**Q** 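Encoded as structure tokens, here's the structure I'll be asking about.
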Amino acid sequence: MKALFEPKSVVIIGASAKENTVGNGLVKNLTGNPKYKTAADIPFDGKLFLVNPNTESIEGIRCYKSLSEIKEKIDLAVIATPAKTVPEILKQCKGKVNAAVVISAGFSEVGEKNLEQELVNTAKETNILLLGPNCLGLLNAHNHLNASFAPSLTPQGDVAFISQSGALVDSIIDWANAENFGFSKIVSLGNMAGLQFHDFLEYLSNDKQTKVLTLYIEGLKDGRKFIDAAKKCKKPIIALKAGLSNAGAKAASSHTGSLAGSAEIYKTAMKQAGVILAESMEEMFDIAKTLAKEPTCNNNIAIITNAGGPGVLATDYCEKYGLHLVELKDSTLQKLENTGKMSKSYSKHNPLDLVGDAVAETYKAAIDVLINESYVSGIIIMQTIQVMTNPYENAKVIFDAKQRHKGKQKPIICCFMGGEHSKDAVALLEKNGIVNFNDPLRAVRAMSALIKE
Amino acid sequence: MGLLSFSEVSVLLQKYRIPYCNQQLCATLDDALTFAKKAKFPLAMKVISQDIIHKSDAGGVVIGIANIGDLRNAYETMTLTLQKKFPAAKVEGILVQEMAEGTELIVGAKRDPTFGPVVLLGLGGIFVEVLKDVSFRVAPLTKTDAKAMIDELKAKKIFYGVRGKKPLNIDAVAAILASISDIMVKNNTIQEIDLNPVIADDKKAIAVDFRFIT
């Protein structure tokens, strides 16, 4: 697997000089010059070889006529030639290449099951790790490896994404660049003729750059292996599963048969495997970001807000997601009073509503008092923007508080509502790895994923 | 698709320690009477035949038999009715069993193409028919998994005792779930199992009717 994610050398077989082709996109992506270039795109850290019998050079890099002309051993081959040529090419890779990504389409997805079987057999005979076929490729942001025809690389981060849809990967990459969401590794699985989900769960469980795994699943080939690998995985796994609508549960010959539809069984299996099932892409990456940044905690949550309405909404969502809002003790209220920073009309219960005239100092006092209470395990900090509010100062206060209270291992999730005039504040939070959402639903859902069971 | 016979199922139930009613498969009225003399009334009587699937509709089920006289009448009526309606049916025998009282549950299993054997638990009657209140686990499952299945039911309170009723014997239910899981894991030919109903109270959980599909 190291050959796949951390290759010292890569060969593109089927490299092309023709603009807007897969073979050309691969070359551009691996030379750090993709069509949709971002700040993340710099040339891949290792050595790059190209193979194309009809071209002298592409992007200033020499093209070999065939693999046999290359004398060195190569970690990773990226193959983008017509489907029927791929098994033969893989044979030529024997002894020279450790892993192969087959981008080429035209296998089982179009009914060519025998060709795919031939590919699988060849991979076994040649002892080459096989990813694909019919996939987008893979990316490792930490060594600038973009062995795919995705639009660009992503910022570096600690979330891995393993997807059964290549198109989804494309869109997520573009989104990640807009949102500055960092990934460690991204894999498009394609037809899963060789490597499957469970192989990546095993590998990423020990990957130092990955803290959380996210999966997009259409169908598993081996559910038992998936469950076993997920159970053993040392990191949180969040999955989005397509096709959970149970359309067409077959007429069954037993009660059990008719009651146990495939959707229910999928949900059960994921639960048994310890996998969090997300309902949307947004939810999946919200939870992933939160689990990567914040510690887990017991179910004793406090909310600090400067407005009643959003606090009530958050309370509703807490009930929906099973978050327990602690009752603030009299002694805590006394401590809040003693800070001399509370408004006369502050709420005196959880959600702790500091009311609209709360300034940064008010937030600071409230955070310090609540986080020091042993019966408070995690805090959601909400802010709405009013003339008295200074979002940037509030964000700074939260950042300082997080530093000050780091040792307590209590998660803080922010919910700075609004947009235009909280941009700088949100940027400050995000730059410093503080989790922030603009909707109380997302903040509460994210906090609920941190609760230890 | 086929069904396991009564005797095949009995062997499995014994081997995997799934409790069932005090019962006997009878070939003759005399068999039934001999059994009834030692048994505790009320009794139930069911025809066992792979050719008669919907046995209550066919007149192949009588419940609440209170004494020897009733048993004799019920046996004669049932055999006559079935001979008329299903002259060609192969009948394994008439099952006479002590009636169990308690809460009706359904325990089942099937093979999923992705995950393999899966075990199901639900409360019987309206809970399963209308509300589809059931929980699942992928086999093999431990007793802890089995207990978690109970806690996942919306009607779980019934297991723990509501309105002055005693709680059901959770360990006994969990043991049946674990046994069903074991049967599915170790017997690849069995495709689906219904234990419907399993009757449970504070002391026991016993399989009253069953169907094993191969």
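To find a chain, count down the sequence lines: A is the first, B the second, and so on, and within it residues start at 1. From a predicted model like this one, the values you see are computed outputs, not experimental measurements.
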**Q** Among Lys132(B), Arg111(B), Arg137(B), who wins on heavy-atom pairs under 4.5 Å with chain A?
**A** Arg137(B)
**Q** Taking NZ in Lys235(A) as the centre, count heavy atoms belonging to other residues, nucleotides or ligands within less than 6.0 Å. Is the count above 12?
**A** yes
**Q** Test Phe115(B) against Leu220(A) for side chain to side chain contact (heavy atoms under 4.5 Å, CB included), laying out the working first.
**A** CA-CA 9 Å; Phe115(B) 295 104; Leu220(A) 297 170; 3.8 Å; yes
**Q** Using heavy-atom distances under 4.5 Å, tell me whether Val134(B) contacts chain A through its side chain, its backbone, both, or neither.
**A** side chain
**Q** Tell me, for Pro117(B) versus chain A, whether the close heavy atoms (under 4.5 Å) come from the side chain, the backbone, both or neither.
**A** neither
**Q** To the nearest 0.5 angstrom, please state how far the CZ atom of Phe136(B) sits from the CD atom of Gln272(A).
**A** 12.0 Å
**Q** Any heavy-atom pair between the side chains of Thr268(A) and Val118(B) that's under 4.5 Å?
**A** no
**Q** Please say whether more than 12 non-hydrogen atoms of neighbouring residues, nucleotides or ligands are located less than 6.0 Å from CD in Glu218(A).
**A** yes
**Q** So does Glu279(A) have more than 12 non-hydrogen atoms from other groups sitting under 6.0 Å from CD?
**A** no
**Q** Please state whether the side chain, the backbone, both or neither of Glu152(B) comes within less than 4.5 Å of a heavy atom of chain A.
**A** side chain
**Q** Mark yes when over 12 heavy atoms from residues, nucleotides or ligands other than Leu80(B) sit less than 6.0 Å from its CG; otherwise mark no.
**A** yes
**Q** Taking Pro113(B), Ala139(B), Gly116(B) one by one, which has the highest count of heavy-atom pairs under 4.5 Å against chain A?
**A** Ala139(B)
**Q** Which region of Lys271(A), side chain (C-beta onward) or backbone (N, CA, C, O), has a non-hydrogen atom less than 4.5 Å from a non-hydrogen atom of chain B, or is it both or neither?
**A** side chain
**Q** Surrounding NZ of Lys84(B) (heavy atoms of other residues, nucleotides or ligands, distance under 6.0 Å), is the total greater than 12?
**A** no
**Q** Return yes when atom CD of Glu319(A) has more than 12 non-hydrogen atoms of other residues, nucleotides or ligands closer than 6.0 Å, and no otherwise.
**A** no
**Q** Out of curiosity, Lys221(A) NZ to Thr114(B) OG1, how far, rounded to the nearest 0.5 Å?
**A** 12.0 Å
**Q** Considering only heavy atoms from C-beta outward, does the side chain of Tyr266(A) approach that of Asp112(B) to under 4.5 Å?
**A** no
**Q** Near Lys231(A) NZ, under 6.0 Å, is it more than 12 heavy atoms from other residues, nucleotides or ligands?
**A** yes
